[in-house]
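Quick notes on the structure that follows.
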Amino acid sequence: MARIFSLIWIAALTLAGAFILLLLSVGRAEEVQYPPDFTSAMSVDIVFIGSSLAGTALPATELMQGTLGDGRSSAILSVEGIPEWLTTRLLTDAIDSGAKTIFLEINAYAHDYVFGAEPAFVNAITRAMREAGEILTLKIRVIFNFRTRVVRFGAMNMDGTFDPKQLRPIDYYRFKTIEPTYGDELQAQLARAKKANVEVFFFSPPRPQSAINVIGNDEFADLQSHMNNIAAFYDLPLWYSPIPWPDDHFMDIMAHANARGRFRFRKELSQWYEAMQ
């Protein structure tokens with residue numbers, strides 16, 4: 001009887017392990033939908049790739065008139081909540097399109113978000129268990145709702161300024177640093193870019209002051225140090241703002257830039273890029 005129970009436990013653990021592996025891999029099976037004019041529209045010199053933060057970071061009127069101040073045309077490829085594997089796939093597309101300069105949002109390679117208020121009495125073990133449960137829940141939802149990842153081509157130039165007084169504790173978030181999962185794939189594409197004389201840069205969109213007030217300067221500095229380490233490992237220059245930007249540069253606490261933020265982002269990135277040459 002004891003042997004039977006042992007076999008049952010072994011079988012159960014094996015099935016559980018297989019299920020967890022399925023959860024961790026299912027995201028890469030999601031369908032990717034490109035815009036109808038994607039191929040023809042990709043005949044540009046500079047490509048920005050990232051999440052919706054990248055989509056709101058640059059003025060649409062300047063994309064074809066020299067975003068970096070050098071007269072070259074630009075395009076933005078953005079996907080809301082873009083995962084790491086899709087960031088690398090779009091890097092592949094940009095290299096294949098003939099782009100000569102590519103800016104890659106580093107966030108998908110460097111951190112996750114943890115949302116909601118964090119009670120002070122919650123210890124590290126309980127917090128880690130809860131976060132693991134949230135990740136598994138998200139993966140299960142993906143399995144039963146095979147969501148299509150829609151690639152947006154172009155800038156998302158909405159405007160408005162959020163009021164931090166209207167936010168609830170659950171609207172805030174923290175950063176959970178991660179390591180790239182598919183680093184070999186990124187390395188392979190960076191080697192292709194180098195062979196084709198394509199320059200690749202990492203960038204991290206700036207964050208609003210109210211968000212950093214909750215996160216704390218030390219945690220924000222730790223995140224920046226982590227991003228710098230990843231950029232150094234892949235031998236890529238990284239642009240980021242070492243200080244948070246005023247709230248009036250953003251439409252929401254999640255750091256989607258408004259017109260003021262877009263103007264500053266383009267100006268500071270252009271100056272940084274010029275200094276790198």
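Please read these numbers as outputs of a predicted model, since none were measured by experiment.
Residue N217 qualifies as open at atom CG: its count of foreign heavy atoms under 6.0 Å is 12 or below. Residue E219 places its CD atom among more than 12 non-hydrogen atoms of other residues, nucleotides or ligands, all under 6.0 Å distant. Heavy atoms of other residues, nucleotides or ligands lying less than 6.0 angstrom from CG of D163 number more than 12. Around the CZ atom of F263, the shell of radius 6.0 Å holds no more than 12 heavy atoms that belong to other residues, nucleotides or ligands.
Note that R264 lies in the cation-pi zone of W245, set by a 6.0 Å cut-off to the ring centre and a 45° limit from the axis.
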>> Go through it in stages, so that I can follow the logic: the residues are Q209 and N213, the test is side chain to side chain donor-acceptor pair (under 3.5 Å), and I'd like the CA-CA distance, side-chain angles, deciding distance and then a yes or no.
In response: CA-CA 6 Å; Q209 182 68 59; N213 288 345; 2.8 Å; yes
>> Quick one, S210 with Y172, criterion side chain to side chain donor-acceptor pair (under 3.5 Å). Give me CA distance, side-chain angles, the key distance, then yes/no.
In response: CA-CA 9 Å; S210 288; Y172 289 95; 4.9 Å; no
>> The test is side chain to side chain donor-acceptor pair (under 3.5 Å); show your working for S52 and E80 and say whether it passes.
In response: CA-CA 5 Å; S52 55; E80 183 179 357; 5.7 Å; no
> Does the pair D93 and Y34 meet the rule for a side chain to side chain donor-acceptor pair (under 3.5 Å), with working shown?
Replying inline: CA-CA 11 Å; D93 292 338; Y34 293 91; 2.9 Å; yes
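Note that CD1 of I253 is 5.5 Å distant from CG of L167, once rounded to the nearest 0.5 Å. Atoms OG1 and CG, from T177 and D112 in turn, are 9.5 Å apart once rounded to the nearest 0.5 Å. In this structure, NZ in K176 is found 14.0 Å from CG in L223, a value given to the nearest 0.5 Å.
Between Y113 and F175, the distance from one ring center to the other falls under 6.0 angstrom. Taking the centre of each ring, F201 and Y273 come in below the 6.0 Å mark.
Between N157 and R262, the closest side-chain pair of non-hydrogen atoms falls below 4.5 Å.
A donor-acceptor pair under 3.5 Å is absent between the side-chain atoms of N229 and the main chain of A232, judged by distance alone.
Looking at R260 and D159, no side-chain N of the basic residue comes within less than 4.0 Å of a carboxylate O on the acidic one, giving no salt bridge.
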